[in-house]
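Here's the structure we're looking at; comments come further down.
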There are 2 protein chains.
Amino acid sequence: MQIGTVADKTGISAKAIRYYESIGLIAAAARTHSGYRVYGDHDVQTLRFIQRARGLGFSVGEVADLLALWRDSERRSAQVKALAANHVAEIDRKIAGLRGMRETLTYLMERCHGDDRPECPILDALGTDA
Amino acid sequence: MQIGTVADKTGISAKAIRYYESIGLIAAAARTHSGYRVYGDHDVQTLRFIQRARGLGFSVGEVADLLALWRDSERRSAQVKALAANHVAEIDRKIAGLRGMRETLTYLMERCHGDDRPECPILDALGTDA
DNA sequence: ATAGGCCTTCCAGTTACTGGAAGGTCAAGG
DNA sequence: CCTTGACCTTCCAGTAACTGGAAGGCCTAT
């Protein structure tokens, strides 16, 4: 299989696959005599794993950890769960930050006429010395 | 006032202030004969505005728009409100994405023993062909 | 022979800065 | 007068996770 086929099968771009290889997230692919990368079903599996993990918001570094655990038959599920728990905590922090912004913005927007007049509590809030 | 004083007053690092100048978000500061940047209270004001807007999650490009509106006494508040509304919509998209991830992760975590055994629904979910 | 659709590598750009190197400036202290 | 230390300056590199594009090789079909 060539990289384009793998890209189609996994939904990961060929560029990204090469990038993952370059940073060592996946092993270097075998090559044809002319230098083309060659992949097998196993590689497609791995890349699907990576894509799902990325889709859950894990960083590439965390995905590397998850992949190692996935391959380690002696792993302790507690390790995986801890990784996931950390990530959920991180997600919660982000959500909390976004909700704070959202709240402030909607509060200000409710007080902004939103018409042809220049008066605007949003700009006032950003610009005051308070 | 030198840049360090402005940094202390605004909470924006001197590095960031120079960066904002370099990208044109703020005007180039006046200089002393020896090349030091010189700022006044007005600049502190502007930088506080910038910092608050960034704190609400606006991108630097959006902050530039907000600054222009702030300075424009003929602005229509509708423009400001529209900018804010777009940003809230963006925040909502991000929150929705994060909530989806969070939901999947907690679902899987609840089913993971999290002990010394290797079985782990989290890895299973990432690795299945489904 | 050539056209097309693959593939390759390498460089640059994205966002919003931060860190660090190398060196100039300025006031205070010895 | 000289040095020390705390400022300041510019410039280059790095961050995360890729994407876009250029220049060129490979392979199949016409």
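Below, chains carry the letters A, B, ... as their sequence lines are ordered, and counting in each starts from 1.
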Choosing from [options], which nucleotide comes nearest the side chain of [X]?
X       : options                : answer
B:Arg37 : D:dC7, D:dT10, C:dT8   : D:dT10
A:Arg54 : C:dC7, D:dC8, D:dC18   : D:dC18
B:Ser34 : D:dA17, C:dA16, C:dT25 : C:dT25
A:Val60 : D:dA17, D:dC27, C:dC7  : D:dA17
A:Tyr36 : D:dC11, C:dC6, C:dC10  : C:dC6
B:Ser13 : D:dC18, C:dC17, C:dT18 : C:dT18

Below 4.0 Å: OP1/OP2 of [N] and any side-chain N or O of [X]:
X       : N      : value
A:His33 : C:dC7  : no
B:Gln2  : D:dC7  : no
A:Tyr20 : D:dC18 : yes
B:Arg31 : D:dT10 : yes

Output the rounded distance in Å from [atom1] ([X]) to [atom2] ([N]).
X       : N      : atom1 : atom2 : value
B:Ile3  : D:dC7  : CD1   : P     : 13 Å
B:Tyr19 : D:dT15 : OH    : P     : 17 Å
B:Leu47 : C:dA16 : CG    : P     : 16 Å
A:Gln51 : D:dA17 : CD    : C1'   : 14 Å
B:Ile17 : C:dA16 : CD1   : P     : 17 Å

Kindly indicate whether the side chain of [X], heavy atoms from C-beta on, has any atom under 4.5 Å from the side chain of [Y].
X       : Y       : answer
B:Val44 : B:Tyr39 : no
B:Arg18 : B:Arg37 : yes
B:Leu67 : B:Thr46 : yes
B:Glu62 : B:Leu56 : no

Sugar-phosphate, base or nothing in reach of B:Ser59, heavy atoms under 4.0 Å: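 Sugar-phosphate contact only.
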Sugar-phosphate only, base, or nothing, as touched by A:Ile23 at under 4.0 Å among non-hydrogen atoms: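 Nothing, no nucleic acid heavy atom in range.
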Pairwise 5' ranking along DNA chain C for B:Phe58 and A:Glu21, keeping only the more 5' one: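 This one resolves to A:Glu21.
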Residue pair A:Met101, B:Ile95: steps toward the side chain to side chain contact (heavy atoms under 4.5 Å, CB included) verdict: CA-CA 11 Å; A:Met101 294 174 191; B:Ile95 290 175; over 6 Å; no
Residue mapping more 5' on DNA chain D - nearest nucleotide basis, B:Lys15 or B:Gly4: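 Its nearest nucleotide being more 5', the pick is B:Gly4.
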